[in-house]
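This is a predicted model, so every value here is computed, not measured. Within every chain, numbering begins at 1; the chains are lettered A, B, ... in the order of the sequence lines, protein sequences first and strands thereafter.
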Amino acid sequence: MAGLCCNRWGEIGVIVPRPTNRQALYPRSTILRRTVMKAYDPGEIERKWQARWTERGAFSARPDPGRERYFVTVAWPYPSGPMHVGHARTYTVPDVIARYKRMKGHNCLFPMGWHLTGSPIVGATQRIRDRDERYLSILRDKYGISEDLYLTMTEPMQFADYWINRSRMGYKTGMTALGYSIDWGRECTSLDPHFSKMVGWQYRTLRSKGLVTTGSHPVKFCPRDNQAVTDHDLLDGEGVGIMEFTLIKYRLEGGEGALFLPAATLRPETVFGLTNIWLHPDAAYVVIETGGERWLVSREAAPKLAHQDKALTVVRETTGREFIGRRVRVPLTDASVPILPATFVKPDHTSGVVGSVPAHAPFDLVALRDLQRDGAAQEAFGLDRSELSSLSPIQMIAVDGHGAVAVDLVEEAGIRSQAETARLDDATNQAYKLEFSRGVMAPNTGRWSGLRVSAAKEQVKRELLASGLADTMYEFSETPVTCRCGAPCVVKTVTDQWFIRYSDPEWKQEVLDALERIQLVPPESRTYYRNVVDWLNDWPCTRRVGLGTRLPWDETGWIIESLSDSTIYMAYYTLVPLMRRLPAERLSDAVFDFVFLGRGDPASIAAQTGLEAEALRGMRTEFAYWYPQNHRVSANELIPNHLTFMIFHHLALFPRPLCPEGIVNLGLGVLEGRRMSSSKGVVFAVAEAVERFGADVTRLYLMYMCEPWQDFDWRGVQADAHRRQMERFFAAAQEMLAMEATSEQPVDSWLESRLQRHVLAAGQALEGFQTRRALQHSFFLLQQDVRWYLRRGGRNRDLLRRVLDAWVRLLAPFVPHVSEEIWEMLGGKGFVSDAPFPAPDEGRLDPLAEFREEYLSNLLGDIAEIIKVTKIGPRRMVLYCAPQWKWEVFRRAMAMARGGHLYMSGLMKSALEDPAIAPHSRELARFAQKLVADIPKLSEDQLAKYALPFEEHATLAGAGAFLSGEFGCEVEVHRADAPDRYDPQEKAGKAVPLRPAIFLE
RNA sequence: GCGAGGGUAGCCAAGUCUGGUCAAAGGCGUAGGACUCAAGAUCCUAUCCCUAGCGGUUCGGGCGUUCGAAUCGCCCCCCUCGCACCA
């Protein structure tokens, strides 16, 4: 249908104005009148409104049973550095939503608190005390803190307070500057004694439900400091993982009673393909006694095992050479295999004993071939040549399209010697991946035959461990791992570690069920959550270092780790105002049982604790009113821990309906293409952003650049551009207010209609947290429509005021300060922050008016195109609208299309029946052909539009003055079949319905 | 490897679920013009190729389904993030 009316606006509905303009948008002569315009001064406006909000307590929230509540919380910040624009994005999202909900009439609570527990703050103060120059230089040079000042911040609380309140780059400073509608009356921290009381209740309750247990756990550990270390404490080896190896115990045949060779492997399922054991002939080994057994391990392995909770004594020292040529028994298969020498064996890695599976491990294959070729070595170690040559790979895993995988890979890579370690490492990786993902256990693996390798691995391991044929050993995934003190770290097994039992199947199931009821933004995150719940294991929830709540029943100094103490703090916000007035030490578990669960009798609890029953009832009321949270706002990266933990804990501690109703998962932030990082100084502080752009522009830009869940990239040029956008808007608003003329125009109903569409779209978008889409309509598209309205000659002062009135209310959640300012100019009552969010009035939708403007816009486009191509500066423009008979054919074709039977023959027949059409039979065929080709391609919406009672000639005639003004030439409108038309180039014949012919001269 | 999310014109990004209104919104950048003594700002226009408004070639790559695909299916390539005791 492109030939009839090429539509340029999609659902969003945008008019793309094309022509060269001869008049300014807001012509000074008619609109501006030298009105005294206020320049946009964000600093002044923002201070003014922030002060007024504070003065009136605009955002403090009290329970009000008469109003529907809305409770939104956001991950509390960890104040150990400046608040940057990445944080600003995180906190602006809930603020926008809170402001929107408030305007929708909700009693809205948006609280804030500070996470002080954990190690970074202690770490930072420690570094200040240690005069760590690298860190001090960041404080001094990046964050502009004087030496005098930072040297006073050696206590965690001083340090935190600085980054919350005192620094101009601090969090509360920044949040205030950005105009967040936070109820500061509920400010709290994770170190408040009252908070600790709640956490104590939380952990005792979890424990009583059997969800907290003790067990052993591997951690990075510095033997010199005798302390567990975090990545923060490391000089080398940041991010290095701890891998769990299975030690398969091979029993030495003959002599020495029972001596086991524990070979470490990540692939216990390959035990069926074992052909021999490797020892390094020249490395030092020791015989140790542990758990009533004797083991042969490398000398380096003994202390490692000792750290991993193995009581052991060294019986004697030896070398690998001593055991070469002897034989061991293989568990599960009971085969007898020889011990052979190999130089690739690393004595400082795991146990220093290696099981050889040449069919599936490239190192083993190559080492075996090396040895088989090496007569001298055979001689030297006194190996039986014929037996050695009889050793060949035993394939016990089948992979489609492969033989023994290691054999294939070594062949492909052309590896010749075990000294080619880089290529062997690579081949090993490939073998592991290939077999793990696609391998199946071969028939020679007994009852594991046919199992996928990924499943068999776990099963074989479990079987070996259960029958005492194997043990476990941990090793770093990479070395070295070095403590700040310079000592090499080890893996230590902590044996009295406390865990939260996230592996509990029933608990998991409850979480999975709850997940289906939670509104997730974006919805795609649901599968991610499901997977996390699936593989989540028991979580070590206690630590020895850092700040935090003491594990309530423990005397040994465990504190609750910081991801585990912050799972239900949203409930704490509801209690703060009342609880803060009570002495913390009186907050017994009975208090929380009553407040959270409604258990017990307030009078008797009051009697036991010495608290007022009224205070207890008050807290219960607050909690019951606000909970559950409507939305939790946090970052994508917290899905694998914090957010999922939160669901687990809510389900375990509270009745099911108190689980969060929705979770919003934010994307991460990038600064000019680089990942933001406070420690590397890749940050743009909120303080600077507000200073340079103002709070509103910062918010506008943050909310417009992408939807909340997408990763965003802060770019200075873009922020600059948004500053100009704000200035333009502020000026435009004043111009709209200063408008003098008041007259009704045909375009009025168009602008009304467009406004309704934007109001509708913006509201829908905000319900789904689509801040970008909402702004697209509330700011940019509406602005475009107002421009078009003025360009079309619209001058209705009352209408423009009404539009502006709705406009600032649409924008108030995003740019609250400037919206208040304009609201005040409009004479609005109270704060715009409390004004109702615009509701769409569908009665004001006017599809015909919209279609008319769309038609004109397209016409403008066509004319502009012709001018561009021909470079004609037109003095005269003649438009010919399609003749009646074509319209009649068009209508018939449309009717047939709606009936689903538009065919050439039918259309021709029908058309020729009409005596008004019949005379044009020659042109008819070609026109009908085009209709038959184009109309079926139209969508429902498009068909509906074309069916509107549109008067083409009247529209064109009415737009004559407009077109004349646009192109600075005289404009004539004719019907294409008017006998007296001016048509020197015979253009009129080209006119078709909705697409007039054009002649320029 | 496992898991999740992506690849759209110079950049950001909408559109993909619900195939046709998509040469593909909007913003930015760039260019031209209007306004101005001038600069900035503002406003208008242009920004894949071609062209009296026609048409042509596009939406990571390939194949396919369909009258019709940025949108559906299959295969492949590439990017980002998470994988645990760390906030």
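Taking atom CE of residue A/M243 and atom P of nucleotide B/rC83, one finds them 17 Å apart after rounding to whole Å. Put simply, CG on A/L775 is 14 Å from C1' on B/rA13, counting in whole angstrom units. Distance A/Q770 CD to B/rA14 C1': 11 Å, rounded to the nearest Å. With rounding to whole Å, A/L520 atom CG is found 12 Å from B/rG5 atom P. If you measure from atom CG of A/L668 to atom C1' of B/rG5, you get 11 Å, rounded to the nearest angstrom. The separation between A/R876 atom CZ and B/rA52 atom C1' is 18 Å, rounded to whole Å. What separates CZ of A/R715 from P of B/rC28 is a distance of 13 Å, to the nearest Å. In this structure, CG of A/L515 is placed 14 Å from P of B/rA4, rounded to the nearest angstrom.
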Item checked: From CA spacing to verdict: salt bridge (charged side-chain N to carboxylate O under 4.0 Å, His left out), A/E853, A/R754 -> CA-CA 11 Å; A/E853 299 304 312; A/R754 299 295 302 160; over 6 Å; no
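Aromatic pair A/Y704/A/F780: ring centres closer than 6.0 Å.
For the C1' atoms, the distance from B/rU65 to B/rC12 is 34 Å, rounded to whole Å. The gap from the C1' atom of B/rG55 to that of B/rC35 amounts to 38 Å, rounded to the nearest Å. Distance noted for atom P between B/rU45 and B/rG26: 11 Å (whole Å). Comparing the P positions of B/rA84 and B/rC76 gives an interatomic distance of 28 Å, to the nearest angstrom. Separation of the C1' atoms belonging to B/rA13 and B/rA70 is 14 Å when rounded to the nearest angstrom. Look at the P atom in both B/rC44 and B/rG6: the space between them is 35 Å, to the nearest Å. Annotation: B/rU16 and B/rC22 have their P atoms spaced 13 Å apart (nearest Å). When the C1' atom is compared between B/rC79 and B/rU30, the two are found 28 Å apart, to the nearest whole Å.
To the nearest 0.5 Å, atom CG of residue A/L638 and atom CZ of residue A/F645 are 10.0 Å apart.
Under 4.0 angstrom from either OP1 or OP2 of B/rC86 there lies no side-chain N or O belonging to A/S564. For A/R543 and B/rC86, the shortest distance from a side-chain N or O to OP1 or OP2 is below 4.0 Å. Contact check, A/R787 against B/rU42: no side-chain N or O comes under 4.0 Å of OP1 or OP2. A close approach under 4.0 Å does occur between a side-chain nitrogen or oxygen of A/R728 and OP1 or OP2 of B/rC43. When the side-chain nitrogen and oxygen atoms of A/R995 are compared with OP1 and OP2 of B/rC54, one or more of them lie within a distance under 4.0 Å. The side chain of A/R772 contributes no N or O atom lying less than 4.0 Å from OP1 or OP2 of B/rG15. In terms of phosphate contacts, A/S119 brings a side-chain nitrogen or oxygen within less than 4.0 Å of OP1 or OP2 of B/rA87.
Among the heavy atoms of the strands lying under 4.0 Å from A/H115 are primed sugar atoms or P, OP1, OP2 only; no base atom is included. Looking at heavy-atom distances under 4.0 Å, A/F712 makes no contact with the nucleic acid at all. A/Q718 comes within 4.0 angstrom of a base, heavy atoms only. Within the 4.0 angstrom heavy-atom criterion, base atoms lie near A/L563. Looking at heavy-atom distances under 4.0 Å, A/W709 makes no contact with the nucleic acid at all. Within 4.0 Å of A/Q710, counting heavy atoms only, lie sugar-phosphate atoms of the nucleic acid but no base atom.
When each of A/A721 and A/K990 is assigned the nucleotide of RNA chain B with its nearest heavy atom, A/A721 is the one assigned upstream, toward the 5' end. Of the two residues contacting RNA chain B, namely A/Y704 and A/L1000, the nearest-nucleotide position lying further toward the 5' end is that of A/Y704.
Here the nucleotide nearest the side chain of A/N537, chosen from B/rA84, B/rC11, B/rA52, is B/rA84. Residue A/R791 has its side chain nearest to B/rC44 when only B/rC28, B/rA87, B/rC44 are considered. For A/W539, the side-chain atoms get nearest to B/rA84 when compared with the rest of B/rA25, B/rA84, B/rA87. With distances taken from any side-chain atom of A/R724 to the nucleotides B/rG29, B/rC28, B/rG26, the minimum falls on B/rG29. Taking every side-chain heavy atom of A/I866 into account, B/rG53 is the closest of B/rG53, B/rU42, B/rC12. Picking from B/rA4, B/rC28, B/rG26 the nucleotide with the shortest atom distance to the side chain of A/Y528 gives B/rA4. Taking only side-chain atoms of A/L536, from C-beta outward, the nucleotide of B/rA84, B/rA87, B/rC43 with the closest atom is B/rA84. Counting only heavy atoms from C-beta on, A/N531 has its side chain closest to B/rA4 among B/rA87, B/rG27, B/rA4. Considering only side-chain atoms of A/Q725, the nucleotide from B/rG26, B/rG27, B/rC43 that sits closest is B/rG27. The side chain of A/L638 lies closest to B/rA87 when the candidates are B/rG5, B/rA87, B/rU42.
Atom CZ of A/R875 has 12 or fewer heavy atoms from other residues, nucleotides or ligands within 6.0 Å.
Comment: A/R757 engages A/E850 in a salt bridge, judged by a side-chain N to carboxylate O separation of less than 4.0 angstrom. Taking 4.0 Å as the cut-off between side-chain N and carboxylate O, A/D713 and A/R89 do not count as a salt-bridged pair.
Side-chain atoms of A/S190 and A/T117 form a donor-acceptor pair, as typed in the model, at a separation below 3.5 Å. A donor-acceptor contact under 3.5 angstrom links the side chains of A/W539 and A/E561, judged on distance only.
In this structure, A/R772 has no salt bridge (Lys or Arg N to Asp or Glu O under 4.0 Å) partners at least two apart in sequence or on a different chain.
Of the nucleotides present, B/rG33 is the one that pairs with B/rC43 by Watson-Crick or G-U wobble criteria, both distances under 3.5 Å. Summarising the base pairing, B/rU16 is matched to no nucleotide, lacking a Watson-Crick or G-U wobble pair whose two defining distances lie under 3.5 Å. A 3.5 Å limit on both hydrogen-bonding distances identifies no Watson-Crick or G-U partner for B/rC54. With both pairing distances under 3.5 Å, B/rU80 is matched to B/rA4 as a Watson-Crick or G-U wobble pair. Across all strands shown, B/rC63 forms a Watson-Crick or G-U wobble pair, both distances under 3.5 Å, with B/rG73.
Taking only distance into account, the side chain of A/D862 meets the base of B/rG53 through a donor-acceptor pair shorter than 3.5 Å. With hydrogens and angles ignored, no donor-acceptor pair closer than 3.5 Å exists between the side chain of A/E727 and the base of B/rU42.
For the side-chain contact (heavy atoms from CB on, under 4.5 Å) with A/L700, the qualifying choice from A/M705, A/R723, A/H722 is A/H722, the only one to do so.
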